Amino acid sequence: VKRYKRVDMLVKLMPSILKQVPGTRLLIAGWGTFGPYITDVSMKSLVKNNIKIIGPVSEKEKWQLMAKTWVCVNPSLHEGWGIPVIEANLFGTPTVSFNVPGLSESIKNGETGYLANNEVEFVDKVVSLLKTTTLRARMSKNSVKWAKNIDWDKSADQFLDILKKHAK
């Protein structure tokens, strides 16, 4: 949990989500330099009973969480590549994030999740996925298909081909 990941924004947006989808729970897995601040913000939130900070998890625990989560949310300012998005997609979990570098390459907007341009849109997209079973099911199916298409060996081969092409 780093400052640029903006997890505190999720805590701030939870009341808006809960007004439309009562009973929603925010699970925060992981830890980092911003973790104590997130804990403090969460404990002071009016919706603290709907927020659970799990802290560090093993790979197995992460996969179990992703498999039972309806929506993965990532409010980060930027990512090199949205690996958590693809991991969530492997388990059929669509992701809502902001339309920022890294995440905009790992989410197929409207197919495997949503790319929001502002906080209001972010909340609307999360709520839409939480409330609409058929939409979530369609995106779940698309997410698995998309994630299975990601292959590091294939990516490396394509990158080497580009390097060879431009080295001439």
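Fair warning: this is a prediction, and the values are worked out from it, not measured in the lab.
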Next on the checklist: Let me confirm one number: the OG1-NZ distance from T95 to K125, rounded to the nearest 0.5 Å.
Outcome noted: 14.5 Å
Next on the checklist: Looking at E105 and G102, would you say the former's side chain and the latter's main chain have a donor-acceptor pair under 3.5 Å?
Outcome noted: yes
Checklist entry - At their closest point, which heavy atom of R136 faces which heavy atom of L130, and how far apart are they? => result NH1-O, 3.0 Å
Item to check | Non-hydrogen side-chain atoms of E79 and V100 separated by less than 4.5 Å | outcome: no
Checklist entry - Should W70 and L13 be counted in the same cluster of Ile, Leu, Val, Met, Phe, Trp and Tyr side chains packed under 4.5 Å apart? => result yes
Checklist entry - NE2/H166 to CG/D161 distance, rounded to the nearest 0.5 angstrom? => result 10.5 Å
Checklist entry - Taking a hydrophobic cluster as the set of Ile, Leu, Val, Met, Phe, Trp and Tyr residues connected by side-chain heavy atoms closer than 4.5 Å, whether directly or through intermediates, do M14 and V71 fall within one such cluster? => result yes
Checklist outcome for this item: For S104 and P101, the nearest pair of non-hydrogen atoms, with its separation, is OG-CA, 4.1 Å
Next on the checklist: Could you check whether atom CG of L46 has more than 12 heavy atoms from other residues, nucleotides or ligands sitting under 6.0 Å from it?
Outcome noted: no
Checklist entry - Yes or no on side-chain contact (heavy atoms from CB on, under 4.5 Å) for V96 and N74, after CA distance, side-chain angles and deciding distance? => result CA-CA 6 Å; V96 176; N74 188 334; over 6 Å; no
Checklist entry - Do any N or O atoms from the side chain of W63 and from the backbone of S58 form a donor-acceptor pair under 3.5 angstrom? => result no
Next on the checklist: Run the side-chain hydrogen bond (donor to acceptor under 3.5 Å, both in side chains) test against K62 and tell me which residues pass, sequence neighbours left out.
Outcome noted: E59, E87
Checklist entry - Counting only heavy atoms not in Y37, do more than 12 fall under 6.0 Å of its OH? => result no
Next on the checklist: What I want to find out is whether R138 reaches E111 closely enough, with some N-O distance under 4.0 Å, to be called a salt bridge.
Outcome noted: no
Next on the checklist: Nearest 0.5 angstrom please: K12 NZ to S42 OG, how far?
Outcome noted: 14.0 Å
Checklist entry - If we only count heavy atoms from C-beta on, is the D8 to F34 side-chain gap below 4.5 Å? => result yes
Checklist entry - For the atom pair CG (N89) and CD1 (I86), what is the distance rounded to the nearest 0.5 Å? => result 5.0 Å
Checklist entry - Do P94 and T112 come within less than 4.5 Å of each other through their side chains, counting heavy atoms only? => result no
Next on the checklist: Using 0.5 Å steps for rounding, measure from the CG atom of N99 to the CD1 atom of I107.
Outcome noted: 9.0 Å
Checklist entry - Does the pair C72 and V85 meet the rule for a side-chain contact (heavy atoms from CB on, under 4.5 Å), with working shown? => result CA-CA 7 Å; C72 176; V85 170; 5.5 Å; no
Item to check | Side chains of L18 and N50 in contact at under 4.5 Å (non-hydrogen atoms) | outcome: yes
Checklist entry - What are the two closest non-hydrogen atoms of S45 and I51, and how far apart are they? => result OG-CD1, 4.2 Å
Checklist entry - Is it true that a side-chain atom of T93 and a backbone atom of M66 form a donor plus acceptor pair closer than 3.5 Å? => result yes
Checklist entry - Can you find a pair of side-chain heavy atoms, one from P75 and one from M9, that are under 4.5 Å apart? => result yes
Next on the checklist: Nearest 0.5 Å, please: how far is CG in N142 from OG in S140?
Outcome noted: 8.5 Å
Next on the checklist: Using the rule that Ile, Leu, Val, Met, Phe, Trp and Tyr join whenever any side-chain heavy atoms are under 4.5 Å apart, tell me whether L10 and L77 fall into a single cluster.
Outcome noted: no
For residues 22-31, please give each side-chain donor-acceptor pair under 3.5 Å, one per line with the distance, not counting sequence neighbours.
unit_1	atom_1	unit_2	atom_2	d
T24	OG1	V21	O	2.7

Item to check | Criterion side-chain contact (heavy atoms from CB on, under 4.5 Å) on K68 and Q64, from CA distance to verdict | outcome: CA-CA 7 Å; K68 67 181 182 180; Q64 289 170 339; over 6 Å; no
Checklist entry - Less than 4.0 Å between a side-chain N and a carboxylate O, is that true for K44 and D40? => result yes
Checklist entry - Does any N or O in the side chain of T132 come within less than 3.5 Å of the main-chain N or O of L129, such that one atom is a donor and the other an acceptor? => result no
Checklist entry - If Ile, Leu, Val, Met, Phe, Trp and Tyr residues are connected whenever their side-chain heavy atoms lie under 4.5 Å apart, and connections chain through other members, are V57 and I83 in the same group? => result no
Item to check | Summary of ring pair (Phe, Tyr, Trp, His ring centres under 6.0 Å) pairs that have at least one residue in residues 102-139, sequence neighbours excluded | outcome: F98-F122
Next on the checklist: For residues F91 and L135: do they belong to one hydrophobic cluster (side chain heavy atoms under 4.5 Å, members Ile, Leu, Val, Met, Phe, Trp, Tyr)?
Outcome noted: no
Checklist entry - Is the side chain of S128 donor-acceptor paired with the backbone N or O of D124 at a distance under 3.5 Å, no angle test? => result no
Item to check | Check: H78 main-chain N/O paired with S76 side-chain donor or acceptor under 3.5 Å | outcome: yes
Item to check | Side chain to side chain, I53 and I38, heavy atoms closer than 4.5 Å | outcome: yes
